[in-house]
Engineer: 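To start, I am sharing the structure in question, which I have written as structure tokens.
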Amino acid sequence: MTEHRVALVTGGAYGIGRGIVQEFARKGDAVVIADRDADRAAVLESSLRARGSQVLFVQTDIRIEQQVQALIAKASEAFGRIDVLCNNAGIERYRRADEYTLDDWNAISETNLRGAFLCTKYAYPFLKKARGCIVNISSVQAIANEPQISAYAASKAGLLALTRGMALDFASDGVRVNAICPGAIQTGMMEPFIKDEPDPEEAVKKIGRTIPLGRVGKPEDVAQSVYFLASAAASYITGAVLVVDGGLLSRLST
């Protein structure tokens, strides 16, 4: 067993999830990386172990109940506890609402919403014992939308409702549940916006100029917010939504 906290991060091998894993490891916590991509996760696991971090990768498709149960069992076997669950794994697909296929809808909703439900359900006995916390990664798309993203937006809005409901259900056990809504963050999800641009770096800067703080966000911007919500400094915060978007939602169109 570890003397430090144990944080379990889904979708932890890439993008925002990778940043969250690195933040908890940097602060001395043990981390469980749940991800479908074994190659990326193995590289991250190896690099963190080389720095002396306690880390475990468990290849997991969070849509599948049996794999989630196995994930929790392996995490508890390795570390004996789970203090923080970060439901970060998510996918998006750009389509008009009438052009989504049922397979699109199922893949998005099962990953973004069902996966968070399953991970919470099976991690909860450990979170209750530790009086731990849950941080769900939603999106600004849960609050205001771009075109051609309705299925993703619906799943992320559902995650906010799930956050509120869980916060009420779990408060009597001392388990806090909060959500973060990232805005434009430079990860693989930005690829559709820049893949056809002759200068991708300049394209990212152009997006940044549309944001009040003048830049696109970085994974560590979200990671530091997750760490705060999981810390004792946030001990009186539950059922809350923290928007991390550089001011994007605050400005009217011009």
Engineer: Are any non-hydrogen side-chain atoms of L85 and T120 less than 4.5 angstrom apart?
Structural biologist: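 With C-beta onward as the side chain, the pair touches.
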Engineer: So does I108 get a backbone contact from the side chain of T111, meaning a donor-acceptor N/O pair under 3.5 Å?
Structural biologist: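 The answer is no, because no donor-acceptor pair under 3.5 Å joins these two groups.
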Engineer: Donor-acceptor pair, distance only, cut-off 3.5 Å: does the side chain of Q67 make one with the backbone of D61?
Structural biologist: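 Confirmed, Q67 side chain pairs with D61 backbone.
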Engineer: Say whether, by atom type as modelled, one donor and one acceptor occur between the side chain of D35 and the main chain of A13 under 3.5 angstrom.
Structural biologist: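 Such a contact is found between D35 side chain and A13 backbone.
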Engineer: Sub-3.5 Å donor-acceptor pair from the side chain of D104 to the main-chain atoms of T101, do we have one?
Structural biologist: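 Answer holds: yes.
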Engineer: Could you report the tightest heavy-atom contact between A184 and I211, atom names first, then the distance?
Structural biologist: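 Looking at all heavy atoms of both residues, the closest pair is CB-CD1, 3.9 Å.
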Engineer: Do R81's NZ or CZ and the ring of F126 fall within the cation-pi criteria of under 6.0 Å and 45°?
Structural biologist: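 Output no; distance or angle outside limits.
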Engineer: Would you say L44 and R18 make side-chain contact, with heavy atoms under 4.5 Å?
Structural biologist: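 The answer is yes; the side chains approach within 4.5 Å.
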Engineer: Do the non-hydrogen side-chain atoms of V9 and I33 ever get within less than 4.5 Å of each other?
Structural biologist: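 A side-chain contact is absent here, since even the closest heavy-atom pair is not under 4.5 Å.
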Engineer: Starting from the C-alpha separation in whole Å, work towards a yes-or-no answer on side-chain contact (heavy atoms from CB on, under 4.5 Å) for I137 and C86.
Structural biologist: CA-CA 7 Å; I137 305 301; C86 183; 3.9 Å; yes
Engineer: Membership question, hydrophobic clusters at under 4.5 Å side-chain separation (ILVMFWY): are V135 and L242 in the same one?
Structural biologist: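 Same hydrophobic cluster.
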Engineer: Side chains of Y122 and E65: do they bring a donor and an acceptor to under 3.5 Å?
Structural biologist: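 Note: Y122 and E65 side chains meet the donor-acceptor criterion.
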Engineer: Which pair of heavy atoms, one from G15 and one from T187, lies closest together, and at what distance?
Structural biologist: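 Taking G15 first and T187 second, the nearest heavy atoms are CA-CG2, 3.9 Å.
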Engineer: Ignoring hydrogens and angles, tell me if any N or O in the side chain of Y100 forms a donor-acceptor pair with the backbone of R93 under 3.5 Å.
Structural biologist: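 Judged by distance alone, yes, a pair lies under 3.5 Å.
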Engineer: Going from OG on S139 to CD1 on I16, what distance comes out if it is rounded to the nearest 0.5 angstrom?
Structural biologist: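 Those atoms lie 8.5 Å apart.
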Engineer: Drop me the distance from Q69's CD to K74's NZ, to the nearest 0.5 angstrom.
Structural biologist: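 Reported value, rounded in 0.5 Å steps: 12.5 Å.
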Engineer: Report the C-alpha separation of E220 and R26 in whole Å, then their side-chain angles, then the decisive distance to 0.1 Å, and conclude whether the salt bridge (Lys or Arg N to Asp or Glu O under 4.0 Å) test is met.
Structural biologist: CA-CA 12 Å; E220 51 263 40; R26 187 174 67 84; over 6 Å; no
Engineer: If I take atom OG1 from residue T60 and atom CD1 from residue I72, how far apart are they, to the nearest 0.5 angstrom?
Structural biologist: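 Going from OG1 on T60 over to CD1 on I72, the span is 8.5 Å.
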Engineer: Decide yes or no for L229 and V226: does some side-chain heavy atom of the first lie under 4.5 Å from some side-chain heavy atom of the second?
Structural biologist: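 Counting from C-beta outward, L229 and V226 never come under 4.5 Å.
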Engineer: Is the backbone N or O of G28 less than 3.5 Å from a side-chain atom of H4, with the two atoms forming a donor-acceptor pair by type?
Structural biologist: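 Flag set: sc H4 to bb G28 pair under 3.5 Å.
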Engineer: Counting distance only, does the side-chain N/O of T210 pair as donor-acceptor with the main-chain N or O of K206 below 3.5 Å?
Structural biologist: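 No, the answer is negative, given that no donor and acceptor are paired below the 3.5 Å cut-off.
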Engineer: Does atom CD of E99 have more than 12 heavy-atom neighbours from other groups under 6.0 Å away?
Structural biologist: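 More than 12 heavy atoms, drawn from other residues, nucleotides or ligands, come within 6.0 Å of this atom.
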Engineer: Heavy-atom distance under 4.5 Å between the side chains of L127 and D83, does that happen here?
Structural biologist: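 SC-SC contact between L127 and D83 ruled out.
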Engineer: With a 4.5 Å cut-off on side-chain heavy atoms, are L160 and C181 touching?
Structural biologist: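 When only atoms from C-beta onward are counted, L160 and C181 do touch, with a gap below 4.5 Å.
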Engineer: Show the nearest heavy-atom pair for residues P219 and I185, with the distance to one decimal.
Structural biologist: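 In terms of heavy atoms, the two residues are closest at N-CG2, 3.7 Å.
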Engineer: Quick check: do Q186 and K218 have side-chain heavy atoms less than 4.5 Å from each other?
Structural biologist: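 No. Closest side-chain heavy atoms not under 4.5 Å.
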Engineer: Taking a hydrophobic cluster as the set of Ile, Leu, Val, Met, Phe, Trp and Tyr residues connected by side-chain heavy atoms closer than 4.5 Å, whether directly or through intermediates, do I64 and V68 fall within one such cluster?
Structural biologist: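 No, I64 does not connect to V68 through the hydrophobic network.
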Engineer: Count the heavy atoms of every other residue, nucleotide or ligand shown that sit under 6.0 Å from NZ of K27, and state whether that count exceeds 12.
Structural biologist: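 Correct, the count exceeds 12.
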Engineer: Minimum heavy-atom separation for I91 and A107, please, with both atom names.
Structural biologist: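 Heavy atoms of I91 and A107 come nearest at CD1-O, 3.4 Å.
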Engineer: Once you round to the nearest 0.5 Å, how far does CD of E45 lie from CZ of F57?
Structural biologist: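 Separation between the atoms: 7.5 Å.
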Engineer: Kindly give the heavy-atom pair with the smallest separation between S155 and N112, and that separation in Å.
Structural biologist: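 Result for this residue pair: OG-ND2, 3.0 Å.
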Engineer: Can you tell me how far the CE atom of M166 sits from the OH atom of Y124, to the nearest 0.5 Å?
Structural biologist: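 The CE atom of M166 sits 10.0 Å away from the OH atom of Y124.
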Engineer: Donor-acceptor check, side chain of D29 to backbone of A25, threshold 3.5 angstrom: yes or no?
Structural biologist: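 Absent.
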Engineer: Any donor-acceptor pair under 3.5 Å linking the side chain of S138 with the backbone of K156?
Structural biologist: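 Yes, because the side chain of S138 sits within donor-acceptor range (under 3.5 Å) of the backbone of K156.
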Engineer: Same cluster or not: V21 versus F228, using hydrophobic residues (I, L, V, M, F, W, Y) connected whenever any side-chain heavy atoms lie under 4.5 Å apart?
Structural biologist: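 Same cluster.
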Engineer: CG/L48 to CZ/R51 distance, rounded to the nearest 0.5 angstrom?
Structural biologist: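 It comes to 5.5 Å.
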Engineer: Ignoring hydrogens and geometry, is there a side-chain-to-backbone donor-acceptor pair from R176 to I237 under 3.5 Å?
Structural biologist: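 The answer is yes, because a donor-acceptor pair under 3.5 Å joins these two groups.
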Engineer: I'd like to check Q148 versus R95 (side-chain heavy atoms, cut-off strictly below 4.5 Å). Are they in contact?
Structural biologist: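 No, every pair of side-chain atoms sits at 4.5 Å or beyond.
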Engineer: The test is side-chain contact (heavy atoms from CB on, under 4.5 Å); show your working for V140 and V243 and say whether it passes.
Structural biologist: CA-CA 7 Å; V140 291; V243 177; 4.1 Å; yes
Engineer: Against the six-membered ring of F170, is K128 placed for a cation-pi contact (under 6.0 Å from the centre, within 45° of the normal)?
Structural biologist: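 So K128 doesn't make the cation-pi contact.
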Engineer: If we ignore angles and hydrogens, is there a donor and acceptor under 3.5 Å between the side chains of E23 and Q224?
Structural biologist: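 Per modelled atom types, E23 and Q224 side chains form no pair under 3.5 Å.
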Engineer: Which residue is it: T10, N136, T163? I am looking for the one with a side chain to side chain donor-acceptor pair (under 3.5 Å) to N87.
Structural biologist: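 The passing option is N136.
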Engineer: Begin from the C-alpha positions of K129 and D173 and carry the test salt bridge (Lys or Arg N to Asp or Glu O under 4.0 Å) through to its verdict.
Structural biologist: CA-CA 9 Å; K129 184 177 180 180; D173 292 331; over 6 Å; no
Engineer: Are L248 and L213 linked, directly or through other ILVMFWY residues, by side chains that come within less than 4.5 angstrom of each other?
Structural biologist: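 No, separate clusters.
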Engineer: Which heavy atom of C133 sits nearest a heavy atom of A230, and at what distance?
Structural biologist: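 Heavy atoms only, the tightest pair is SG-CA, 3.5 Å.
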